[in-house]
A.B. asks: 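Structure provided below as structure tokens; questions to follow.
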Amino acid sequence: MATAAAPESSLLSLLYRSYPSAVSPDATEPDYLHASPKIFPTVNFGEAEEADIKQWLASTAGLKNALAAGDSTIANNILVQLNTHLATRTTLLGSKPSVADIAVYALVAPLVEKWSPEERTGEKGFHHIVRHIDFVQNAKLFSLQIPEEEKVQIDVNDVKYVPKPVDLKEEKERKKREKANAQNADPKGEKPLVVGQGKPEKAAQGDAPAPASDAAAAAAAAAAAGHKTSKKEKKEKAPKAPKAPAAPVTPPSPSLIDLRVGHILRAINHPNADSLYVSTVDVGDAPGTENTTVDEETGKTVRNSLLRSEWPGSSRGDAGSRLSPRPRGGDAHAGPVELVNPPADAPAGERITFQGWSEGEPEKVLNPKKKIWETFQPGFTTTDDLEVAFDSSAVPVAKEQEGKPALGKLVTASGVICTVKTLKNAAVR
């Protein structure tokens, strides 16, 4: 492909060709740091995002220098960092385009073109970099003017190894630990000095005994201290406060799964896969919530998500699984498929629960080790009346609980039942 010859000149050429009104063809050294607002005038970039753009432009420059110097160790470290960052993001900023994405494409695309299938999507491959390169060169979000013959040929269905999904909570905690360790580390690697009284040195063998006057003084001091202590009443220890009784253990319940109303604002075909749709969903998040962005058209705080995915990690901040009934038996992914319908006036973010199973707070993040979803999902069903419900008889841990309904219908806070259009007695996933 044409970009393989000279990454820097190819980046300039790509910017001139794709954004003639934003980048002057006479400029030999464009101001990449401030180019994003000119290239993408409808996108708002905050201070933190501008800082991220600066950081990734610097990382790209570092990768370029490492490749030129033949330093494979540094180059590989930067690629690993980039691949990890993109594991939970569509673009470097999450979902917004920037000149940093184009800079990465211009430099890394020639590398991806030469990588073997194992290097691309093998167990130790750079899955997310490959997906990012394919997205940037094809997405209307960037609208890069690249002839088909110059694009990197990528088969999104040719995946040699499917990596485990990134645990966003664990990734956040890991970054916190790294930051704390960096702050606590002594830059010189020295142990801190402690100022205080050291241990008394042991008397060497053969030393003379202490003078009698000193011994007498010590004995007198000890006697005085003992006399003083005898006059004081020993302080009575305060009685220990009784331990608070342990909180009652809440029986397992489908209420551990946080089900909420989501408004799908739009859904578009994914540029890289026919069976994949990228959706913009409003689930009532407050502005600034982690893994959200501001929708340019509506100004709402939204999550970018995939309606169906066979390519891991292709979007950041997934809005969560959608409850979608489908006929039982056979292929679990075979159609037809419908979405669960809450009442039309239900606000985004309103929690919905199964009648008789609404006690307790839901888990903020489902721990895959606890298999909460796998335990209760078999009971999610639809009825002959096209109502969504939880059938406790299909879940052993729920079936054993006394006083619980055999069939609890899925309702909003106001008690309105959620329904489906046509699928009766269907599995809901």
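Excluded from the calculations below are hydrogen atoms, water molecules and symmetry mates; all remaining heavy atoms, backbone and side chain alike, are included.
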A.B. asks: For S392 versus P405, what's the shortest heavy-atom pair and its separation?
C.D. replies: OG-O, 3.2 Å
A.B. asks: Determine whether P252 and T375 make a side-chain contact, defined as any pair of heavy atoms from C-beta on separated by less than 4.5 Å.
C.D. replies: no
A.B. asks: Compare every heavy atom of A103 with every heavy atom of L57, then report the nearest pair and how far apart it is.
C.D. replies: CD2-CB, 3.9 Å
A.B. asks: Is there side-chain contact between S59 and L82, with at least one heavy-atom pair below 4.5 Å?
C.D. replies: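 Not in contact.
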A.B. asks: Working to the nearest 0.5 Å, report the span between CD1 of I129 and OG1 of T84.
C.D. replies: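 Atom-to-atom, I129:CD1 and T84:OG1 are 8.5 Å apart.
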A.B. asks: Whether D285 and R303 form a salt bridge (side-chain N of Lys/Arg under 4.0 Å from carboxylate O of Asp/Glu) is what I want to check.
C.D. replies: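 Here R303 pairs with D285 in a salt bridge, since their nearest N and O are under 4.0 Å apart.
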A.B. asks: Taking it one step at a time, do L86 and F126 satisfy side-chain contact (heavy atoms from CB on, under 4.5 Å)?
C.D. replies: CA-CA 10 Å; L86 289 170; F126 297 107; over 6 Å; no
A.B. asks: Look at the side chain of H132 and the backbone N and O of Y105, then say whether any donor-acceptor pair between them is shorter than 3.5 Å.
C.D. replies: no
A.B. asks: Are side-chain heavy atoms of E359 and S253 found at a separation under 4.5 Å?
C.D. replies: yes
A.B. asks: Are T382 and E387 linked by a side-chain donor-acceptor pair shorter than 3.5 Å?
C.D. replies: no
A.B. asks: Which value, rounded to the nearest 0.5 Å, describes the distance between N425 atom CG and D391 atom CG?
C.D. replies: 10.0 Å
A.B. asks: Does L410 form a side-chain contact (heavy atoms from CB on, under 4.5 Å) with L259? I'd like the steps, not just the answer.
C.D. replies: CA-CA 10 Å; L410 186 64; L259 301 177; 4.1 Å; yes
A.B. asks: Quick one: pull up CZ in F390 and CG in L407 and give me the separation to the nearest 0.5 Å.
C.D. replies: 9.5 Å
A.B. asks: With the side chain counted from C-beta on, respond yes when I352 and C418 share a heavy-atom pair under 4.5 Å apart, and no when they do not.
C.D. replies: yes
A.B. asks: Quick one: does any side-chain atom of T91 pair with a main-chain N or O of K96 as donor and acceptor, under 3.5 Å?
C.D. replies: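 It does hold such a pair.
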A.B. asks: Hey, is E363 close enough to K371 for a salt bridge, meaning N to O under 4.0 Å?
C.D. replies: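 Looking at E363 and K371, the cut-off is not met.
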A.B. asks: Using side-chain heavy atoms (C-beta onward) and a distance below 4.5 Å, is V108 in contact with L63?
C.D. replies: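 They are in side-chain contact.
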A.B. asks: Would the number of heavy atoms belonging to other residues, nucleotides or ligands and lying under 6.0 Å from CD of E47 be above 12?
C.D. replies: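 Open: at most 12 neighbouring heavy atoms sit under 6.0 Å from CD of E47.
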A.B. asks: So, K160 and E119, do they make that salt bridge, N to O below 4.0 Å?
C.D. replies: no
A.B. asks: So do the side chains of V388 and F380 get within less than 4.5 Å of each other, counting heavy atoms only?
C.D. replies: no
A.B. asks: Going from CG on L144 to CD on Q137, what distance comes out if it is rounded to the nearest 0.5 angstrom?
C.D. replies: 9.0 Å
A.B. asks: Distance-only, no hydrogens or angles: does the N138 side chain make a donor-acceptor pair with backbone N or O of D134 under 3.5 Å?
C.D. replies: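 Flag set: sc N138 to bb D134 pair under 3.5 Å.
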A.B. asks: When you compare the side chain of F354 with that of F376, does any pair of heavy atoms fall below 4.5 Å?
C.D. replies: no
A.B. asks: Answer yes or no: is there a donor N or O on one side and an acceptor on the other, between the side chain of E49 and the main chain of L93, under 3.5 Å?
C.D. replies: no
A.B. asks: Does a donor on one side chain and an acceptor on the other come within less than 3.5 Å for N83 and H127?
C.D. replies: no
A.B. asks: Look at the side chain of D158 and the backbone N and O of D155, then say whether any donor-acceptor pair between them is shorter than 3.5 Å.
C.D. replies: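 No; zero donor-acceptor contacts below 3.5 Å.
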A.B. asks: Going by distance alone, is a donor N or O of one side chain under 3.5 Å from an acceptor N or O of the other, for N341 and K421?
C.D. replies: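 No, K421 and N341 have no side-chain donor paired with an acceptor closer than 3.5 Å.
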A.B. asks: List the atom of R89, the atom of R131, and the distance in Å for their closest heavy-atom pair.
C.D. replies: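 Closest pair (atom of R89, atom of R131, distance): O-NH2, 2.9 Å.
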A.B. asks: Considering non-hydrogen atoms only, spot the tightest contact between W357 and P254 and give its length.
C.D. replies: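 Taking every non-hydrogen atom into account, CE3-CD, 3.5 Å.
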A.B. asks: Hey, which of L265, V281, I264 is the one that makes side-chain contact (heavy atoms from CB on, under 4.5 Å) with V302?
C.D. replies: L265
A.B. asks: Within the supplied structure, the quantity of interest is the number of heavy atoms (other residues, nucleotides, ligands) at a distance under 6.0 Å from K38 NZ; does it exceed 12?
C.D. replies: no
A.B. asks: Can you list the steps and then say if I102 with F142 is a side-chain contact (heavy atoms from CB on, under 4.5 Å)?
C.D. replies: CA-CA 8 Å; I102 303 173; F142 290 93; 4.1 Å; yes
A.B. asks: Which value, rounded to the nearest 0.5 Å, describes the distance between Q55 atom CD and T60 atom OG1?
C.D. replies: 10.0 Å
A.B. asks: Could you tell me the separation between the OG1 atom of T121 and the CD atom of E118, rounded to the nearest 0.5 Å?
C.D. replies: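 CD of E118 is found 7.5 Å from OG1 of T121.
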A.B. asks: Please find the pair of heavy atoms, one from L111 and one from L107, that lie closest to each other, and give the distance.
C.D. replies: CG-O, 4.0 Å
A.B. asks: Determine, for E350 against R260, whether the closest basic-nitrogen to carboxylate-oxygen distance falls under 4.0 angstrom.
C.D. replies: no
A.B. asks: Can you check whether L67's main-chain N or O pairs, donor with acceptor, with D71's side chain at less than 3.5 Å?
C.D. replies: no
A.B. asks: Got a donor-acceptor contact below 3.5 angstrom from the K404 side chain to the G356 backbone?
C.D. replies: yes
A.B. asks: Distance-only, no hydrogens or angles: does the R17 side chain make a donor-acceptor pair with backbone N or O of Q145 under 3.5 Å?
C.D. replies: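 Indeed, once roles are kept as given, a pair shorter than 3.5 Å links the two residues.
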A.B. asks: Is there a side-chain contact between W373 and P368, using heavy atoms and a 4.5 Å cut-off?
C.D. replies: no
A.B. asks: How close do F45 and E50 get, heavy atom to heavy atom, and via which atoms?
C.D. replies: O-OE2, 3.8 Å
A.B. asks: Look only at the side chain of S36 and the backbone of V99, and say whether a donor-acceptor pair between them is shorter than 3.5 Å.
C.D. replies: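 Yes, because the side chain of S36 sits within donor-acceptor range (under 3.5 Å) of the backbone of V99.
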A.B. asks: Dump the intermediate steps for side-chain contact (heavy atoms from CB on, under 4.5 Å) on R351 and D258, then the final yes or no.
C.D. replies: CA-CA 7 Å; R351 189 182 175 199; D258 194 2; 4.2 Å; yes
A.B. asks: Would you confirm whether S143, through its side chain, and K140, through its main-chain N or O, come within 3.5 Å as a donor-acceptor pair?
C.D. replies: yes
